[in-house]
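Single-structure report; data block below.
FYI, side chains are in, hydrogens and waters are out, and symmetry mates aren't considered; it's all heavy atoms of this structure. Numbering starts at 1 and runs along the sequence shown. Each ligand, and each atom within it, is numbered from 1 in the order the structure gives.
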Amino acid sequence: MKPRLPYGKQTIGQEEHDLVREVLNSDWLTQGPRLGEFEGALRDLCRVRHAFAVTNGTDALFLACRAAGLGPGDRFLTTANTFAATANAAVMCGAEPVFVDIDPGSLNLDPILVEKALAADPSIKVMLPVHFGGLVCDMDRLAAAADHHDITIIEDACHAVGGQWQDQDRQWHSVGSCARSSLTCFSFHPVKCLTTGEGGAVTTNDDQLAERITLLRNHGITKSEEILEKNDGGWYYEMHDLGINARLTDLQAAIGLAQIKRLSAWQQRRLQLVQQYDADLADLDQVSTQTRPNGEDRNCYHLMVVRTSRRRQLYDYLHEQGILVQVHYIPVHLQPYFRKRFGTGPGLCPETEKYYSEALSLPLFPAMSDQDQQRTVAAMREFHGKNH
Ligand SMILES: Cc1ncc(COP(=O)(O)O)c(C=O)c1O
């Protein structure tokens with residue numbers, strides 16, 4: 001049996017074990033001190049005013065959409081090259097999707113098509129760009145298009161926690177700083193760059209949006225003196241909106257606290273692996289990789305995606321070798337639910353559909369050894385008839 005090499009995997013160390021045990025022995029399994037500490041660490045990482053740790057990335061997106069006022073009768077613009085949750089969160093608010101195609105190099109939303117779609121449809125209220133694989137979208141151009149049409153940007157940064165990007169004035173920004181958006185959402189699922197088991201976060205610099213998130217993530221319930229209509233005593237609370245329970249436990253926050261300290265080292269290792277893959281696969285004519293930023297690259301890559309004309313055969317070949325590659329993503333607009341409910345279908349986003357037919361995600365995680373990578377590269381080269 002060949003050893004199995006997954007496409008992604010969490011790294012858990014002694015500190016995660018120690019901090020979780022500490023929480024188990026404490027009085028607070030949820031809503032205790034570790035949650036606040038983790039949110040503080042997220043604020044520092046993202047250089048942002050507010051950070052809310054929540055149950056998962058899907059709830060983070062749902063809360064962000066609700067806070068932005070997305071509702072029935074509205075439309076939202078997003079990419080179909082994403083996990084279904086990006087669109088689902090907005091659909092759950094009652095809004096209708098407008099899927100815009102990707103740039104075939106970056107695999108992110110194409111800003112020219114975004115501008116066209118916004119100009120054509122005044123009912124679009126929110127834009128949800130996804131930093132696919134960790135490569136940050138062209139936020140300057142997306143924000144310029146959004147400003148023109150008074151659109152709220154909610155970044156789906158579920159792939160991109162820990163990264164930084166450079167604007168057109170060569171200024172660096174942390175992902176999650178909301179430098180060109182109103183809100184940013186993260187997922188801390190185990191295959192992501194930072195994990196809490198299940199988990200997610202919303203960040204914003206806007207105090208009013210922060211107030212909405214505070215309310216909505218706790219059933220719409222408040223004890224805030226400024227909001228209460230009356231006060232019957234110390235126990236008293238009021239429900240002012242229809243919210244959800246999006247509480248992250250202190251057990252999960254403790255894992256996140258241990259993880260966040262090592263995120264920068266993991267980012268470096270991920271980047272090193274991505275750059276090595278780019279170099280080692282460069283001479284394979286049938287294989288191409290995602291474009292990288294001009295100049296210094298400080299993305300935190302979640303995925304190492306390649307395009308290949310013989311994807312089906314290559315997928316099977318690598319799996320036979322124990323190299324458990326994956327496909328990201330089956331375009332959301334081709335999913336039966338979206339086809340039936342919104343009348344989407346083949347031909348709507350041709351670049352996304354073409355990319356899907358060629359897409360493969362190679363193993364990428366910080367604990368992966370150089371030998372693991374060489375094994376993957378060797379199998380890729382062998383499949384394409386290049387043995388050296
Ligand atoms: C781009 C994107 N958005 C949203 C999500 C949803 O995150 P979660 O699984 O934490 O709910 C994911 C998770 O896979 C994702 O990849």
> Is Arg141 close to Ile112 at the side-chain level, that is, under 4.5 Å between some pair of heavy atoms?
Replying inline: yes

> Between Trp165 and His173, how do the two ring planes meet: parallel, tilted or perpendicular, split at 30° and 60°?
Replying inline: tilted

> To the nearest 0.1 Å, how far is atom 16 (O) of ligand 1 from its closest protein heavy atom, and which atom is that?
Replying inline: His159 NE2, 2.9 Å

>> Residue-level breakdown please: for Asp59 versus ligand 1, do any non-hydrogen atoms fall below 4.0 Å on the side chain, on the backbone, on both, or on neither?
In response: neither

> Looking only at heavy atoms, which two atoms of Asn205 and Arg49 are closest? And how far apart?
Replying inline: OD1-N, 3.0 Å

> So which heavy atom on Cys178 is nearest to which on Ser182, and how close?
Replying inline: SG-O, 4.1 Å

> Under a 4.0 Å heavy-atom limit, does Thr58 contact ligand 1 with its side chain, its backbone, both, or neither?
Replying inline: both

> ligand 1 and Ser187, any nitrogen or oxygen pair closer than 3.5 angstrom?
Replying inline: yes

> Taking non-hydrogen atoms only, is Asn56 closer than 4.0 angstrom to ligand 1 via side chain, backbone, both or neither?
Replying inline: both

> So Tyr337 and Phe342, would you call those rings parallel, tilted or perpendicular, with 30° and 60° as cut-offs?
Replying inline: perpendicular

> Should the pair Tyr317 and Phe383 be assigned to parallel (<30°), tilted (30 to 60°) or perpendicular (>60°) ring geometry?
Replying inline: tilted

> Donor-acceptor pair, Asp156 side chain versus Thr86 backbone, under 3.5 Å?
Replying inline: no

> Starting from atom 8 (P) of ligand 1, which protein heavy atom do you reach first, and at what distance in Å?
Replying inline: Gly57 N, 3.4 Å

> Who's the nearest protein heavy-atom neighbour of atom 4 (C) of ligand 1, and how far?
Replying inline: Cys158 SG, 3.4 Å

> Which of the listed options, His189, Lys192, His328, holds the heavy atom that is closest to atom 13 (C) of ligand 1?
Replying inline: Lys192

>> Out of all atoms in ligand 1, which are within 4.0 Å of some heavy atom of Leu61? Include the element for each.
In response: 4 (C)

> Which atoms of ligand 1 sit under 4.0 Å from any heavy atom of Thr82?
Replying inline: 1 (C)

> For the rings on Phe99 and Phe338, is their centre-to-centre separation under 6.0 Å?
Replying inline: yes

> In terms of atom number and element, which parts of ligand 1 are under 4.0 angstrom from non-hydrogen atoms of Ala85?
Replying inline: 4 (C), 5 (C), 6 (C)

> Do Gln259 and Thr195 pass the side-chain contact (heavy atoms from CB on, under 4.5 Å) test, and can you show the C-alpha distance, the side-chain angles, and the key distance before you say yes or no?
Replying inline: CA-CA 7 Å; Gln259 294 261 304; Thr195 190; 3.4 Å; yes

> Backbone or side chain, does any N or O of Tyr329 fall under 3.5 Å from an N or O of ligand 1?
Replying inline: yes

>> Students should be able to answer this: which protein heavy-atom is nearest to atom 3 (N) of ligand 1, and at what distance?
In response: Asp156 OD2, 2.8 Å

